[in-house]
Amino acid sequence: INQHPWVVKAKRRETHCLDWRWKEDAKSTDERREHCLAFYHAEAMKQYPSLITGDSTPSYLIDYYRVIPRLKECFDHNPKMMIMTRDPIKRAISHYVMVTSKDGTKEQLAARGSEWREKTLEEVFEQDVTDMKEDGLLPYWDLETRTVDMDVFEKFIDSREEDEAWERYVTNRIPLSTGSYAPLARGLYAIQCRQWLRSFPKDNFLIMKLEDMSSENKGAQWVVNRAMEFLCLPRFEIPDAEKKNSRDYQDPLSEKDELRGWLERFFAPHNERFAKMMVNEMGYKEEDWANLWCN
């Protein structure tokens with residue numbers, strides 16, 4: 001998207017101006033807005049009303065209780081928002097690999113946190129499940145057998161009890177001092193999106209799958225075309241479709257790995273729930289969301 005001639009990149013990726021770079025000591029909306037706009041080329045863009053800019057901070061999706069009211073206060077122009085989702089198991093592994101990597105600048109290493117560096121992948125994932133269980137978010141998940149009680153799941157989802165448990169989990173488990181948190185909870189896309197869809201019109205959102213970027217039937221240009229249409233930008237053939245901000249690593253899970261097995265059981269009903277939400281609530285094509293992340 002940043003390759004489009006009408007798009008101006010922010011001064012940095014992941015501004016975080018609405019969460020851990022939020023100006024707590026600001027005394028007015030004007031001061032808070034000025035602080036946020038400083039992360040963009042806002043002043044220079046005033047002369048060019050056809051240009052657009054934006055942010056790409058993934059933590060905003062889960063950190064809704066802090067971010068949504070701040071977004072409404074500082075960016076009250078009814079902004080458009082895009083959510084890029086990914087196979088939650090691959091997302092969680094990538095998250096673990098990133099924050100435990102010793103490569104990066106001093107600032108990057110500090111932002112990732114050190115909480116997971118002496119823990120195995122399984123220990124990190126089990127701790128997140130335990131945290132969600134303690135906060136009342138997973139009454140349907142058996143910690144010993146690592147299985148889902150589907151009767152309890154169907155009764156619990158979309159309930160007031162689930163909303164209360166999710167808010168309890170997010171307020172208790174989402175710190176501002178580290179990126180080492182919520183490896184599995186971040187893959188529960190339906191409940192995360194629900195908070196945002198309740199706060200803004202659904203037409204403000206475009207929700208996509210990362211896998212479409214590399215699929216034979218679609219690809220990066222197809223995805224970017226959808227984004228350009230959503231953003232009311234003229235079509236533009238992107239000259240560079242290579243992956244951005246990715247890292248190479250070997251998948252630590254084998255096809256028959258016990259850890260992979262319980263992760264698949266854990267996410268299966270949530271993936272199905274999210275797919276139904278995209279079709280029934282967002283009006284997306286059923287074939288685009290069928291068999292979502294089935295392994």
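Hydrogens, waters and symmetry mates play no part in the numbers below; they use all other heavy atoms, side chains included.
Residues Ser59 and Ile174 are not in side-chain contact: their nearest non-hydrogen atoms beyond the backbone lie 4.5 Å or more apart. Residues Met132 and Leu184 meet the side-chain proximity criterion, which asks for heavy atoms closer than 4.5 Å. For the pair Tyr284 and Ile207, the minimum side-chain heavy-atom distance is below 4.5 Å. Between Phe156 and Asp149, every side-chain heavy-atom pair lies at or beyond the 4.5 Å cut-off. At least one side-chain heavy atom of Leu197 sits under 4.5 Å from a side-chain heavy atom of Met277.
Grouping the Ile, Leu, Val, Met, Phe, Trp and Tyr side chains by contacts below 4.5 angstrom, directly or via other members, places Leu61 with Tyr169. Follow the hydrophobic side-chain contacts under 4.5 Å out from Trp20 and you never reach Phe75; the two are in separate clusters. Residues Phe39 and Leu51 fall within the same hydrophobic cluster, defined by Ile, Leu, Val, Met, Phe, Trp and Tyr side chains chained together at heavy-atom separations under 4.5 Å. Hydrophobic clustering places Trp262 together with Leu138 (ILVMFWY residues linked when any side-chain heavy atoms are closer than 4.5 Å, directly or through intermediates). When the side chains of ILVMFWY residues are joined at heavy-atom separations under 4.5 Å, either directly or via intervening members, Ile68 and Leu176 end up in two distinct hydrophobic clusters.
Applying the ring pair (Phe, Tyr, Trp, His ring centres under 6.0 Å) rule to Trp116 yields the partners His95; only residues at least two apart in sequence or on another chain are considered. For Glu115, there are no salt bridge (Lys or Arg N to Asp or Glu O under 4.0 Å) partners, not counting sequence neighbours.
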**Report entry** Verdict with supporting geometry, Glu24 and Arg70, salt bridge (charged side-chain N to carboxylate O under 4.0 Å, His left out)
**Finding:** CA-CA 11 Å; Glu24 291 285 358; Arg70 295 171 180 179; 3.5 Å; yes
Report task. Test Gln127 against Asp131 for side-chain hydrogen bond (donor to acceptor under 3.5 Å, both in side chains), laying out the working first. Result -> CA-CA 6 Å; Gln127 184 61 57; Asp131 290 345; 2.8 Å; yes
Query - Test log, rule side-chain contact (heavy atoms from CB on, under 4.5 Å), inputs Thr57 and Leu18 - result: CA-CA 9 Å; Thr57 304; Leu18 297 174; over 6 Å; no
Query - Intermediate values then yes/no, side-chain contact (heavy atoms from CB on, under 4.5 Å), Leu292 and Lys209 - result: CA-CA 10 Å; Leu292 185 62; Lys209 305 189 300 292; 3.3 Å; yes
Query raised in the report: What do the steps show when you test Leu253 against Leu121 for side-chain contact (heavy atoms from CB on, under 4.5 Å), and what is the final call?
Result: CA-CA 10 Å; Leu253 304 182; Leu121 187 73; 4.0 Å; yes
Requested in this report: Would you please test Trp293 and Phe267 for side-chain contact (heavy atoms from CB on, under 4.5 Å) and show each step?
Outcome: CA-CA 9 Å; Trp293 301 312; Phe267 280 116; over 6 Å; no
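Ion pair Arg32/Asp30 not flagged as a salt bridge, since none of the NZ, NE, NH1 or NH2 atoms sits closer than 4.0 Å to an Asp/Glu carboxylate oxygen. By the 4.0 Å N-to-carboxylate-O rule, Arg160 lies too far from Asp163 to be salt-bridged with it. Between Asp158 and Arg273 a salt bridge is recorded (basic side-chain N to carboxylate O distance below 4.0 Å). A salt bridge links Glu162 to Arg194: one of the charged nitrogens lies within less than 4.0 Å of a carboxylate oxygen. Looking at Arg173 and Glu134, a side-chain N of the basic residue comes within less than 4.0 Å of a carboxylate O on the acidic one, giving a salt bridge. By the 4.0 Å N-to-carboxylate-O rule, Lys218 lies close enough to Asp288 to be salt-bridged with it. Using a cut-off of 4.0 Å between Lys/Arg side-chain N and Asp/Glu carboxylate O, Lys276 and Glu272 are scored as salt-bridged.
Across every non-hydrogen atom of Asp128 and Ala185, the tightest pair is OD2-N, 3.0 Å. Residues Lys72 and Ser199 approach most closely at NZ-O, 3.1 Å, considering heavy atoms. Of all heavy-atom pairs spanning Ala227 and Leu206, the tightest one is CA-CD2, 3.8 Å. Of all the heavy atoms in Val8 and Thr53, the pair that sits closest is O-OG1, 2.7 Å. Scanning both residues, Arg117 and Val99, for their nearest heavy atoms gives NE-O, 3.7 Å. Between Met208 and Met82 the shortest heavy-atom distance is CE-SD, 4.2 Å.
Phe125 CZ to Thr120 OG1: the interatomic distance, rounded to the nearest 0.5 Å, is 9.5 Å. To the nearest 0.5 Å, atom CD of residue Glu122 and atom OH of residue Tyr96 are 11.0 Å apart. One finds the CG atom of Leu233 at 8.5 Å from the CD1 atom of Ile1 (value rounded to the nearest 0.5 Å). Separating the SG atom in Cys74 from the CD atom in Glu31 is a distance of 10.5 Å, to the nearest 0.5 Å. Between the CG atom of Leu263 and the CD1 atom of Ile93 there is a distance of 7.5 Å, given to the nearest 0.5 Å. The distance from atom NZ of Lys23 to atom CZ of Arg33, rounded to the nearest 0.5 Å, is 15.0 Å.
Classification of the Tyr60-His16 ring pair by plane angle, with boundaries at 30° and 60°, yields perpendicular. Using a 30° and 60° split on the angle between ring planes, Trp289 and Phe274 fall in the perpendicular class, above 60°. Using the six-membered ring where Trp is involved, Phe153 and His270 have ring planes that are perpendicular, over 60° apart on the 30 and 60° scheme.
Around atom CG of Asn291, no more than 12 heavy atoms belonging to other residues, nucleotides or ligands sit under 6.0 Å away. Annotation for Glu286: atom CD does not count as buried by contact number, only 12 or fewer foreign heavy atoms lying within 6.0 Å. Sparse packing is recorded around CD of Glu242, with 12 or fewer heavy atoms of other residues, nucleotides or ligands lying under 6.0 Å away. By the neighbour-count criterion of 12 heavy atoms within 6.0 Å, atom CH2 of Trp6 is sparsely surrounded, having that number or fewer from other residues, nucleotides or ligands. Around atom CD of Glu43, no more than 12 heavy atoms belonging to other residues, nucleotides or ligands sit under 6.0 Å away.
Side chains of Asn225 and Gln221: a donor-acceptor N/O pair is present below 3.5 angstrom, by distance only.
Remark: the backbone N or O of Met282 is not paired with any side-chain donor or acceptor of Lys202 at under 3.5 angstrom. Of the possible polar contacts, one joining the Lys133 side chain to the Trp141 backbone as a donor-acceptor pair under 3.5 Å is found. At distances below 3.5 Å, at least one donor-acceptor pair connects side-chain atoms of Lys11 with backbone N or O atoms of Ala38. Under a 3.5 Å cut-off, the side chain of Arg86 and the backbone N or O of Leu210 do not form any donor-acceptor pair. Using modelled atom types, no side-chain atom of Glu14 and backbone atom of Pro58 make a donor-acceptor pair closer than 3.5 Å. Between the side chain of Glu123 and the backbone N or O of Lys119 there is no donor-acceptor pair closer than 3.5 Å. Without hydrogens or angle criteria, Arg21 side chain to Thr15 main chain gives a donor-acceptor distance under 3.5 Å. Proximity of a side-chain donor or acceptor of Ser94 to a complementary backbone N or O of Lys90 within less than 3.5 Å is not detected. Not a single donor-acceptor pair under 3.5 Å links the side chain of Gln195 to the backbone N or O of Tyr65. When atom types are taken as modelled, the side chain of Asp135 and the backbone of Trp166 share no donor-acceptor pair closer than 3.5 angstrom.
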